[in-house]
Protein chains: 2
Amino acid sequence: MEPKRDLLKGSSGYLLLSLLEQQAMYGYQIVKELEVRSQGYFRFKEGTLYPALHRLEKSGLINGTWEVLPNGRQRRYYHITARGQAKLAEEKTQWLDFFTAVKLILQPESKGI
Amino acid sequence: MEPKRDLLKGSSGYLLLSLLEQQAMYGYQIVKELEVRSQGYFRFKEGTLYPALHRLEKSGLINGTWEVLPNGRQRRYYHITARGQAKLAEEKTQWLDFFTAVKLILQPESKGI
DNA sequence: TTGACATACATAGAATGTCTAAGTAAATAC
DNA sequence: GTATTTACTTAGACATTCTATGTATGTCAA
């Protein structure tokens, strides 16, 4: 199974918001969680994930808080914001619209439905 | 309805091959056909369509032939090649894999299915 | 205690594809 | 004769992902 990387473009934000709506997570955890849940399909690179998280935070859709583990190690947990939840709902609609449009191209006979 | 343009990236080739598999078309016709079929969702810009067609042709997935209308006007009709049909089948699989993976992220409860 | 590996975050630069925008040219409609 | 539509092309801006590297610490086995 050769993942089609370009499909990710424009979807990463959606996936991240979706994940963080379910629970707050830190970067490394997100990478692992995406991989486990997608059964190995998604393997976000750091160069993809962290810039994406920074973008989302800068846009006010998530916010990160440093937390210190008992062993002294630091993690940055990201929480979805109210604006993020609104954005997530918007993205969901856009996804559905997009899929609907693609299906209409692939199966022109369903035009009238 | 605000189309999410980035989703198009990585999908335009699939859409074009899919369209040209159904029948040979020329550029301007493709723009109109995509718009009609998708009920106005897709409105390919020239700067998107023609470079995409050139890429596909360069890769041997489609091939274009100039045809002259009775009125003297020229059109470049694009036909899908055997390699293009093979590629189309591959893209379809990649799409399904991608959708499956995304659904697993959005609905983790369906993990076991 | 050394080395290997996993954890955890960050960023520079290359690659890719879409968009805006402009250009060329001819047919058609008003 | 002027505007609109048809028809294709390409340069440059922009955004996102990738590769690759850097930093630093914790854990575990030899």
Side-chain angles (χ1 to χ4, degrees), chain A residues 2-17 24-36 41-59 61-78 91 94 98 101, chain B residues 2-17 24-36 41-59 61-62 64-78 91 94 98 101-102:
Chain A
E2 182 77 10
K4 191 149 171 54
R5 295 298 171 198
D6 279 335
L7 286 176
L8 187 59
K9 193 155 186 174
S11 307
S12 64
Y14 183 35
L15 288 175
L16 294 177
L17 287 178
M25 291 188 191
Y26 56 97
Y28 192 80
Q29 182 185 12
I30 291 172
V31 172
K32 297 300 169 190
E33 190 70 18
L34 284 173
E35 183 167 354
V36 170
Y41 185 89
F42 288 120
R43 294 169 191 249
F44 271 50
K45 316 300 182 203
E46 296 97 321
T48 302
L49 178 69
Y50 290 109
L53 287 173
H54 298 334
R55 277 196 301 277
L56 291 174
E57 187 169 26
K58 203 174 170 188
S59 305
L61 306 178
I62 63 178
N63 77 311
T65 55
W66 284 106
E67 296 192 17
V68 184
L69 299 185
N71 63 23
R73 169 163 295 195
Q74 290 210 331
R75 283 174 180 166
R76 191 157 176 78
Y77 277 87
Y78 288 98
E91 297 251 23
Q94 291 178 334
F98 180 73
Chain B
E2 183 76 11
K4 193 151 172 52
R5 294 297 172 200
D6 280 334
L7 286 176
L8 187 59
K9 193 156 185 173
S11 307
S12 64
Y14 183 34
L15 288 175
L16 294 176
L17 286 177
M25 294 188 190
Y26 56 97
Y28 193 82
Q29 182 186 11
I30 290 174
V31 173
K32 296 299 170 193
E33 190 71 17
L34 284 173
E35 183 166 354
V36 169
Y41 186 88
F42 288 120
R43 295 168 190 247
F44 271 50
K45 317 297 181 203
E46 296 98 321
T48 301
L49 179 70
Y50 290 108
L53 287 173
H54 298 334
R55 276 197 303 278
L56 291 174
E57 186 169 27
K58 203 175 171 188
S59 306
L61 305 178
I62 62 177
T65 53
W66 284 107
E67 295 191 20
V68 183
L69 300 184
N71 62 21
R73 168 164 297 197
Q74 289 211 332
R75 284 174 179 167
R76 191 155 176 78
Y77 276 87
Y78 287 98
E91 298 249 24
Q94 291 179 334
F98 180 73
V102 170

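Just so it is clear: chains get the letters A, B, ... in the order the sequence lines come, proteins before strands, and each one is counted from 1. As a basis for the values below, the full set of heavy atoms in this structure was taken, side chains included, without hydrogen atoms, waters or symmetry mates.
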- Query: Does a side-chain heavy-atom distance below 4.5 Å link B:Leu15 with B:Phe42?
  - Reply: yes
- Determine whether any donor atom in the side chain of B:Arg73 lies under 3.5 Å from an acceptor atom in the base of C:dA26, or the reverse, and answer yes or no. yes
- For the pair B:His54 and B:Tyr50, name the ring-plane relationship: parallel under 30°, tilted 30 to 60°, perpendicular over 60°. tilted
Between [atom2] on [N] and [atom1] on [X], what's the gap in Å once rounded to a whole number?
X       : N      : atom1 : atom2 : result
A:Trp66 : C:dA8  : CH2   : C1'   : 8 Å
A:Phe42 : D:dT16 : CZ    : P     : 17 Å
A:Arg75 : C:dC9  : CZ    : P     : 8 Å
A:Tyr28 : D:dG26 : OH    : P     : 15 Å
A:Leu69 : D:dA24 : CG    : C1'   : 14 Å
B:Tyr77 : D:dT6  : OH    : C1'   : 12 Å
B:Phe98 : D:dT17 : CZ    : P     : 10 Å

- If only atom types and distance count, is the side chain of A:Glu91 paired as donor or acceptor with the main-chain N or O of A:Gly13 below 3.5 Å? no
- With distance as the sole test, does B:Ser59 use its side chain to make a donor-acceptor pair with the main-chain N or O of B:Arg55 at under 3.5 Å? yes
- So, is B:Tyr26 close to the D:dC8 phosphate, meaning a side-chain N or O under 4.0 Å from OP1 or OP2? no
- Message: Please determine whether a side-chain nitrogen or oxygen atom of B:Tyr50 lies at a distance below 4.0 Å from atom OP1 or OP2 of D:dC8.
- Response: yes
- Those residues at least two apart in sequence (or on a different chain) that pass side chain to side chain donor-acceptor pair (under 3.5 Å) with A:Glu67 are none
- Note on the structure: Given protein heavy atoms under 4.0 Å, the one-letter contact record of nucleotides 15-24 of chain C, with B base, S sugar-phosphate only and - none, is simply -BBSBBB---
- Smallest heavy-atom separation, B:Asp6 atom then A:Gly10 atom, equals CB-CA, 3.5 Å
